[in-house]
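As structure tokens, the structure follows; a few thoughts come after it.
Values in this document were obtained by computation on a predicted structure and should not be read as measured data.
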Protein chains: 2
Amino acid sequence: MNDFLYNKRIFYSPVEFAMAHIGGTWKIPILNCLRTGALRYGDLKKSIPHISHKMLITQLRELEEKNMVTRQTFQEKPPRVEYQLTAKAEMALPVIDQLAEYGISLMKEAGIDHTP
Amino acid sequence: MNDFLYNKRIFYSPVEFAMAHIGGTWKIPILNCLRTGALRYGDLKKSIPHISHKMLITQLRELEEKNMVTRQTFQEKPPRVEYQLTAKAEMALPVIDQLAEYGISLMKEAGIDHTP
DNA sequence: CTGAATCCAGCTGGATACTG
DNA sequence: CAGTATCCAGCTGGATTCAG
């Protein structure tokens, strides 16, 4: 597979390109939280333990820019903003699930409890 | 899913645990190169464009430590060292393939040429 | 409630030089 | 040929503060 440039960044493989969309510590947890429907910022924040305000905002902006989530604002008081998965992101869900399955099998092998 | 500690690092999900094994820029290219059989350091280096010496060594050490590759040395002159996938790593290959597929579909959508 | 901006510590990875 | 060590620039992400 040949290298290619996209948005001034070099990619060495399709896998890297995929990881630019769902990689990092927080993108997958965010996508997982949104898989059952739109959520507003505050609920998303509550649903994802340990994530900092800055990281949640940053990651949401990146996902928005990559067309993985849409952002809808409601002119209310107090303001309301809802985030929702796009079709592009929904295509990633099976991949994420398979990654989770592999992770669980690795955890079993390592003797880590993997029950909910 | 509950958080857990492993090797003094905190993980928030099985996906993160999986990514600790195959994540980063270089682990997947390395695993892909080894999927057809053992390779020695020099050949691996030649097979992976752009990777620096330091990164290849570092990543190989990490993969070895995680039991994803084995390292076999031959007492010859000049010295020979061969790396090979373990069963644990072979379990990751289907996951990697699915990631690549998703990456390719994203590339199509972005209008990037994805032919070999 | 949602979001932008700033400061700053820590990690990542490149370049380079040296060893058996 | 394979591997180690050091230096250092750049990015990442946390804490904090300010704003609509």
Taking all non-hydrogen atoms of both residues into account, name the closest pair between [X] and [Y] and its distance.
{"X": "B:Lys27", "Y": "B:His21", "answer": "CD-O, 3.2 Å"}
{"X": "A:Arg9", "Y": "A:Ala20", "answer": "NH1-CB, 4.0 Å"}
{"X": "A:Met68", "Y": "B:Tyr102", "answer": "CE-OH, 3.5 Å"}

Length of the line joining [X]:[atom1] and [N]:[atom2], which is rounded to integer Å:
{"X": "B:Arg9", "N": "C:dG10", "atom1": "CZ", "atom2": "P", "value": "18 Å"}
{"X": "A:Glu82", "N": "C:dG3", "atom1": "CD", "atom2": "P", "value": "12 Å"}
{"X": "B:Lys45", "N": "C:dG14", "atom1": "NZ", "atom2": "C1'", "value": "12 Å"}
{"X": "B:Leu44", "N": "D:dA2", "atom1": "CG", "atom2": "P", "value": "10 Å"}
{"X": "B:Ile51", "N": "C:dA15", "atom1": "CD1", "atom2": "C1'", "value": "15 Å"}
{"X": "A:Lys77", "N": "D:dA19", "atom1": "NZ", "atom2": "P", "value": "19 Å"}
{"X": "B:Gln75", "N": "D:dC1", "atom1": "CD", "atom2": "P", "value": "17 Å"}
{"X": "A:Leu39", "N": "C:dC1", "atom1": "CG", "atom2": "C1'", "value": "15 Å"}

Between [options], which nucleotide has the shortest distance from any of its atoms to the side chain of [X]?
{"X": "A:Lys54", "options": "D:dA2, C:dG13, D:dA15", "result": "D:dA15"}
{"X": "A:Pro78", "options": "C:dG3, C:dC1, D:dC1", "result": "C:dC1"}
{"X": "A:Met55", "options": "C:dG3, D:dG14, C:dG20", "result": "D:dG14"}
{"X": "B:Tyr41", "options": "D:dG3, C:dG3, C:dG20", "result": "D:dG3"}
{"X": "B:Ile57", "options": "C:dG3, D:dG3, C:dG14", "result": "D:dG3"}

Is the shortest side-chain N/O distance from [X] to OP1 or OP2 of [N] below 4.0 Å?
{"X": "A:Arg61", "N": "C:dA4", "value": "yes"}
{"X": "A:Ser52", "N": "D:dG14", "value": "yes"}
{"X": "B:Arg40", "N": "D:dA2", "value": "yes"}

Worksheet item: For the side chain of B:His53 and the base of D:dT4, is some donor closer than 3.5 Å to an acceptor across the two?
Response: yes
Is the shortest heavy-atom distance from the side chain of B:Ile22 to the side chain of B:Met19 under 4.5 Å? yes
DNA chain D nearest-nucleotide lookup for A:Pro79 and A:His50: closer to the 5′ end is A:His50
For A:Phe17 and A:Phe4, take the angle between the two ring planes, folded into 0 to 90°, and tell me which bin it lands in: parallel under 30, tilted 30 to 60, perpendicular over 60. perpendicular
- Task: With heavy atoms under 4.0 Å as the rule, sort B:Tyr83 into base, sugar-phosphate or nothing.
- Result: sugar-phosphate
